[in-house]
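To start, the structure itself, in structure tokens.
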There are 2 protein chains.
Amino acid sequence: MLDFKAAVNKLRSYLKENNLRFTTERLTILEEIFNYPSHFDAEQLFIHIRNKHDNISRATVYRTLDLLSQIGILKKENLGHNYASYELDFNLPHHDHLICLECGKVVEFADPVIEKRQREICEKNGMEMIRHQLQIFGRCREHDKK
Amino acid sequence: MLDFKAAVNKLRSYLKENNLRFTTERLTILEEIFNYPSHFDAEQLFIHIRNKHDNISRATVYRTLDLLSQIGILKKENLGHNYASYELDFNLPHHDHLICLECGKVVEFADPVIEKRQREICEKNGMEMIRHQLQIFGRCREHDKK
DNA sequence: AATCAAGTTGAGAATGAGTCACGTTTCATG
DNA sequence: CATGAAACGTGACTCATTCTCAACTTGATT
Ligand SMILES: [Zn+2]
Ligand SMILES: [Zn+2]
Ligand SMILES: [Zn+2]
Ligand SMILES: [Zn+2]
């Protein structure tokens with residue numbers, strides 16, 4: 001996948017610029033993330049990785065997720081659980097989330113009107129917007145027939 | 001304060017309807033919440049209460065916060081920390097939050113256009129909306145002059 | 001290719017928010 | 001004011017995440 005190579009390059013150059021090391025662990029984790037469904041959590045991913053590479057530790061997975069989030073390859077978000085979720089955020093347009101409380105399904109959406117109003121709200125309040133997160137929690141219609 | 005009495009009544013009737021007890025602990029905690037700034041967290045509140053009433057336990061504070069959230073006297077929310085925040089939600093209109101990452105200031109806002117679009121997004125995706133949460137993280141202009 | 005300083009890792013201990021179990025206390029009703 | 005269910009306080013526990021630190025890589029330099 002092209003994006004993967006580009007992400008590796010981005011990681012590599014960030015590390016070089018900051019005198020950090022390009023390790024096989026970091027590469028492996030990035031690779032596995034690209035083969036893994038979005039909106040995953042650290043523990044899930046760690047177990048997945050452990051099944052294929054029995055030498056990567058939980059701490060390294062957590063540390064690498066942090067690193068990749070800082071660089072802008074991942075986005076860390078709260079989807080209403082008591083743990084963080086992550087998804088790729090590399091050359092991808094912004095979106096927010098609609099989450100079914102019944103089955104956990106996550107729908108992504110992006111609404112230009114909502115986005116615009118947010119910028120205006122920041123403006124009005126003398127704030128510079130850094131990021132935002134909109135989560136709508138609901139219930140799929142199919143769960144109605146109880 | 002009038003709202004406080006009304007909230008006590010709401011609590012009292014909810015408890016009666018469900019064969020639960022109106023305890024002094026529950027009353028005390030509700031009272032302290034009304035004297036406490038909004039968007040507080042459980043631990044903060046617990047310490048505050050402990051300074052005045054040395055017999056109320058942490059577990060009871062947590063249990064009561066849950067109870068009050070279920071009844072609709074409080075709203076439990078995630079303001080971007082690794083702990084929950086709470087605020088009064090009794091006879092108050094819905095709002096969302098604008099949070100300064102520099103100083104932690106929280107601005108409340110409600111935007112009818114955003115709210116309407118959210119309902120439409122749910123509609124379009126065959127979901128029934130239960131609740132939502134929009135957090136905008138930014139930086140107050142006054143921090144710019146670094 | 002050998003060296004070496006500094007960054008990184010794995011293992012497991014530590015942390016911190018929140019929950020649970022359980023023996024004791026309190027409330028509401030008769 | 002006796003009764004029994006509901007709540008309480010304590011402290012142990014859970015679970016995600018972070019920290020510590022000795023051992024191990026990395027990559028720039030000889
Ligand atoms: Zn958005
Ligand atoms: Zn997403
Ligand atoms: Zn809203
Ligand atoms: Zn608020």
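Order of the sequence lines sets the chain letters (A, B, ...), proteins ahead of strands, with each chain counted from 1.
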> Is it true that the side chains of B/Glu128 and A/His143 contain a donor and an acceptor less than 3.5 Å apart?
Replying inline: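 No, A/His143 and B/Glu128 have no side-chain donor paired with an acceptor closer than 3.5 Å.
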> Taking atom types as modelled and ignoring hydrogens, do the side chains of B/His39 and B/Asp41 form a donor-acceptor contact shorter than 3.5 angstrom?
Replying inline: no
Any non-hydrogen side-chain atom of [X] less than 4.5 Å from a side-chain atom of [Y]?
{"X": "A/Glu87", "Y": "A/Lys76", "result": "no"}
{"X": "A/Leu68", "Y": "A/Arg26", "result": "no"}
{"X": "A/Glu77", "Y": "A/Gln135", "result": "no"}
{"X": "A/Glu25", "Y": "A/Leu30", "result": "no"}
{"X": "A/Asn78", "Y": "A/Ser85", "result": "no"}
{"X": "A/Ile33", "Y": "A/Leu65", "result": "yes"}

> If you measure from the Lys or Arg side-chain nitrogens to the Asp or Glu carboxylate oxygens, is any gap between A/Arg119 and A/Glu123 under 4.0 Å?
Replying inline: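 Looking at A/Arg119 and A/Glu123, the cut-off is not met.
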> Below 6.0 angstrom between ring centroids: does that apply to B/Tyr36 and B/His48?
Replying inline: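 Yes; B/His48 has its ring centre under 6.0 Å from that of B/Tyr36.
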> So what does B/Arg12 touch, heavy atoms closer than 4.0 Å: a base, only the sugar-phosphate, or nothing?
Replying inline: nothing
> Tell me, for nucleotides 3-9 of chain C in 5' to 3' order, what letter each nucleotide earns: B for a base near a protein heavy atom under 4.0 Å, S for only sugar-phosphate near one, - for neither?
Replying inline: ---BBSB
> Who passes ring pair (Phe, Tyr, Trp, His ring centres under 6.0 Å) against A/Phe22, sequence neighbours left out?
Replying inline: none
> How are the rings of A/His97 and A/His95 set to each other: parallel, tilted or perpendicular (split at 30° and 60°)?
Replying inline: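 Geometry flag for A/His95 against A/His97: perpendicular rings.
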> In terms of the nearest nucleotide of DNA chain C, which residue is placed more toward the 5' end: A/Asp54 or B/Lys16?
Replying inline: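 Residue closer to the 5' terminus by nearest nucleotide: A/Asp54.
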> To which residues is B/Val113 joined in a hydrophobic cluster, defined by side-chain heavy-atom contacts under 4.5 Å among Ile, Leu, Val, Met, Phe, Trp and Tyr, whether direct or through other members?
Replying inline: A/Val113
> Between which nucleotides of DNA chain D, 5' to 3', does chain B make heavy-atom contacts below 4.0 Å?
Replying inline: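 First-to-last contact on DNA chain D, by the 4.0 Å heavy-atom rule, is D/dG4 to D/dT10.
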>> Identify the stems formed by DNA chain C, where each pair is Watson-Crick or G-U wobble with both distances under 3.5 angstrom and a stem is at least 3 consecutive pairs.
In response: C:1-30 with D:1-30
Filtered N/O pairs between nucleotides 14-18 of chain C and protein, under 3.5 Å:
unit_1 : atom_1 : unit_2  : atom_2 : d
C/dG18 : OP1    : B/Ala84 : N      : 2.8
C/dG18 : OP2    : B/Tyr62 : OH     : 3.2

